[in-house]
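First listed ligand is number 1; within each ligand, the first listed atom is number 1. The shown structure was predicted, so the numbers you read here are calculated from the model rather than taken from an experiment.
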Amino acid sequence: MINPELHLCTKCATEIEASPIQKKLQSRNVVQYEKKIQELTHECKMKSDECYEAWMSLTDANQKLQNVTMELDNMIFQNETLERAVGREMEKFKDVSDKYKKDKKLWSSTINNLEKKIKAIKEDHMQLSQEAHDCANSIPNLNSMITAIQALVAQSEDLKVKYNEEMGKRKRLFNQLQETKGNIRVFCRCRPLSKEEISSGCHAIIDFDSAKDGEIGTVAGGTTKKSFKFDRVYTPKDNQADVYADASPFVTSVLDGYNVCIFAYGQTGTGKTFTMEGTENNRGVNYRTLEELFKIAVERKDTISYSISVSVLEVYNEQIRDLLATSPSNKKLEVRQAAEGFHHVPGMVEAKVENMKEAWNVLQSGSNARAVGSNNVNEHSSRSHCMLCIMVRAKNLMNGECTKSKLWLVDLAGSERLTRTDVQGERLKEAQNINRSLSALGDVISALASKSNHIPYRNSKLTHLLQDSLGGDSKALMFVQISPSDNDMGETVSSLTFASRVRGVELGLAKRQVDTVEQQKMKQMLDKVRQESRTKDESLRKFEENCQHLENKLKEKEQQCRMLQEKNKDVASQLNSNAEIQSQLDRKQCQLMEKLNGKEEESMMLRQKIKDMEQRLKERQQIESVSLHEKVEELELKLNVQSHSENAAKEKVKELECQLKESMQFQLTLEQKVKELESKLREHKESDSILILHSADRSRIGTPAEAKGSSSDESTSDTDPGILRSSTSINRLMTGRVSILHRGISPSGIKRKGEREHRISVLADDTENHSAFSTNSVDNKTEPMEINRSRKLDQAKTYGRITRTAKVVATHKLFPHSRIKKDQQTGIGVKEKNKVRGWAR
Ligand code: ADP
Ligand code: MG
């Protein structure tokens, strides 16, 4: 049992009996304290409610902020993903665009090159077409020409064959004739006895009985002494025409291209000049020959074209004299060999004659020139060789054959033998030269007869000049002129002997003197034509090959052109596809850009919203924190005041204790009095119950044992209702606070909060990353750190404050069973700490 009138010492738990004054003071202070506590509890409750509401609104705001942040985070994440996708697409697009540009450049350059090539090919094609066209145009003319040439060649070949056949026949006949008659024909002509000879009593010694058979004999004393056989023997009765008739085949053979030599041999006065030249009424061989040559030339003019020229020479004392030379020249004329089988006298006049009149004039001028140099024409002519050379150039119009042949008509000097005693001086010299030249002629004929390898043509001017016409390829006719007079018996026999030796000399088969120069010219022309033809054929073949090559080239070029065109089409289609891809990419880019813009706008709006929210939250937090600070400060102030008053009360209690001690001392002294007064106190026990109860409470708090004992006491319910109220209100406050903490941050909430913190940190990082392309990264980076730091400070502060508040409450010995203590014991502090962090945020 606790005495209600006793006070329990706080230090020694000794029950002290309070004095009435003390009791009164205590009761008064308790009332004041209770009032103050009640007021403070009320205020605290109010503040707690406000804090609760603020906390709730803050929690909602935080929740909304969290949602918005999450949305923003999602949006930023999506935005980032989209940006990455856009970046990738942009890179792809850039790559494609670069590739497209490169391809475009490449293809454009390729197309340009191809266009140039196509242009060049077209130009080549045009040129080739033109060439082919020209070629095609020229081919018909060429073909017609070739056809005409071929026809002409065929005709020519035909004529050639015919001509060759004819010429063969003629040759065969001529050769048969030659074989029967010999190569050098010797005709013997005997002049009649001249009037002087008859008058002087000369007798004819020539027997012409067998003249028809070509036999002639000398008669001496009525008997035939000697007989000579010739090709023909002319009696004095035979006229010039008869002689020429036999000579005509020889002279006309010059028109067929044979070299012919006709000369008159015999002593002076035997009729050599008469036979060769004749007289005005009896033209000789020369005149008749020319006459017949022109006649035949005219006859043959359709088939053969003749060119006749005449030279007149004189060989005197082994000197050649040109009788047609208009002016005398000191230069000696010499025989030169121009080509094989052709000798000529350089500088010799060759008078071209078209008809007999011209020829006759030439012959006359030659005779006149011969007469100038001598007083006695006949004597002079007897001592020199008079030589008429008729050169014939013939061109066969049918086969183009050309011949160049010579006909020598020679009136030889007198062959009489002169002894040295008969002549002297110039005459002797003349005689010697004549003898030498005639001997040389004899030697040549002998050499030809004996078929000697060496024919001594060069031994005399006469034989040298006659070389072409006195050889194996020519025809020769000798007129042996004899005198019938017996006075010339010796000379006549000598001449006949010489002539008979000459006859029968085989000169070999005559050969036509084809004009080798012309022939060579023709050959050359033919070769040239053949060469040209070959060249033309070759060029034609080359041209055809070239045409073929060009056609092939053209085909190749066309093929290339087609390939290039196809390639060009492919390139164009590729370009189109590229352009389509590019347009698609453009559209996609536009869409992405639109999306990005939309997202950016949304992001901007969200950021703005966040900023607004943050601003609002900040403002609210500021306002709330300011108000809370103020309130807390007020509360702290009040608590301080209360603590001061409590301290004062403690001091007073101490004083009271001191007083109690004093009183205890006084009590000890008054122990006895106490015992005495015990009875009296028991009597006043009931009246002083309130005071006793108070004393009992105090004693219960002070002594656990007593408190234990009184815990089951139901007097607790009898305590001051105000004190109980204040106790429950504080308990409720703390419970509410804890509940608020529980409500604000549940385990799932803590978890979510952790995630949210993580997300916020990610967001901070993202914001940091994001701000890299939007705002200053340093500011954005430092801001969350400052927020965290301020957050930590706020947490610490808040925690400190709450702890302090809790301490204040805990130190308040009035609430020994408060929930705060329990919560603190069950680790609610951590949650509270978290709650405080969340609140601070
Ligand atoms: P050569 O020239 O040989 O010295 P020519 O020709 O001068 O001899 O002849 C001498 C002469 O003889 C001339 O008067 C000529 O008329 C004459 N005569 C020569 N042959 C005949 C002949 N066959 N018929 C008639 N007279 C002739
Ligand atoms: Mg004569």
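Look at Arg300 and Asp256 and you find a salt bridge, because one of the NZ, NE, NH1 or NH2 atoms lies within 4.0 Å of a carboxylate O, short of that distance. Ion pairing between Glu350 and Lys352 fails under the 4.0 Å rule for side-chain N and carboxylate O.
Distances below 4.0 Å separate heavy atoms of Gln267 from the following atoms of ligand 1: 3 (O). Here is the list of ligand 1 atoms found below 4.0 Å of a heavy atom in Gly269: 1 (P), 3 (O), 4 (O), 8 (O), 10 (C). Counting atoms of ligand 1 from 1 in the listed order, those under 4.0 Å from a heavy atom of Thr273 are 2 (O), 6 (O).
At least one N or O atom of Thr270 sits closer than 3.5 Å to an N or O atom of ligand 1. Considering both main-chain and side-chain atoms, Pro236 never comes within under 3.5 Å of ligand 1 through any nitrogen or oxygen pair. On a distance-only criterion, Cys190 and ligand 1 share no N/O pair closer than 3.5 Å. Checked against a 3.5 angstrom limit, the closest N/O atoms of Lys272 and ligand 1 fall inside it.
Contacts between Gln481 and ligand 1, counted as non-hydrogen atom pairs separated by less than 4.0 Å, are absent for every part of the residue.
Checking Ser483 against Arg191 by side-chain atom types alone, a donor-acceptor pair falls below 3.5 Å.
When the options Pro192, Gly278, Gly266 are ranked by their closest heavy atom to atom 25 (C) of ligand 1, first place goes to Pro192.
The Mg ion (ligand 2) lies under 2.8 Å from an N, O or S atom belonging to Thr273.
Tested against Asn286, the residues Val312, Val310, Val251, Leu409 include a single side-chain contact (heavy atoms from CB on, under 4.5 Å) partner, Leu409. In summary, of the residues considered (Val260, Val353, Leu293), a side-chain contact (heavy atoms from CB on, under 4.5 Å) with Ile390 occurs for Leu293 alone.
Cation-pi geometry between Lys461 and Tyr316 is not met: the NZ or CZ atom fails to fall both under 6.0 Å from the ring centre and inside 45° of the normal.
Annotation: ring-ring contact (aromatic ring centres under 6.0 Å, His included) contacts of Phe274 (sequence neighbours excluded): none.
Looking at Ser309, its side chain never comes within 3.5 Å of a backbone N or O of Ala351 through a donor-acceptor pair.
Glu277 does not count as a contact of ligand 1, since none of its heavy atoms falls under 4.0 Å from the ligand.
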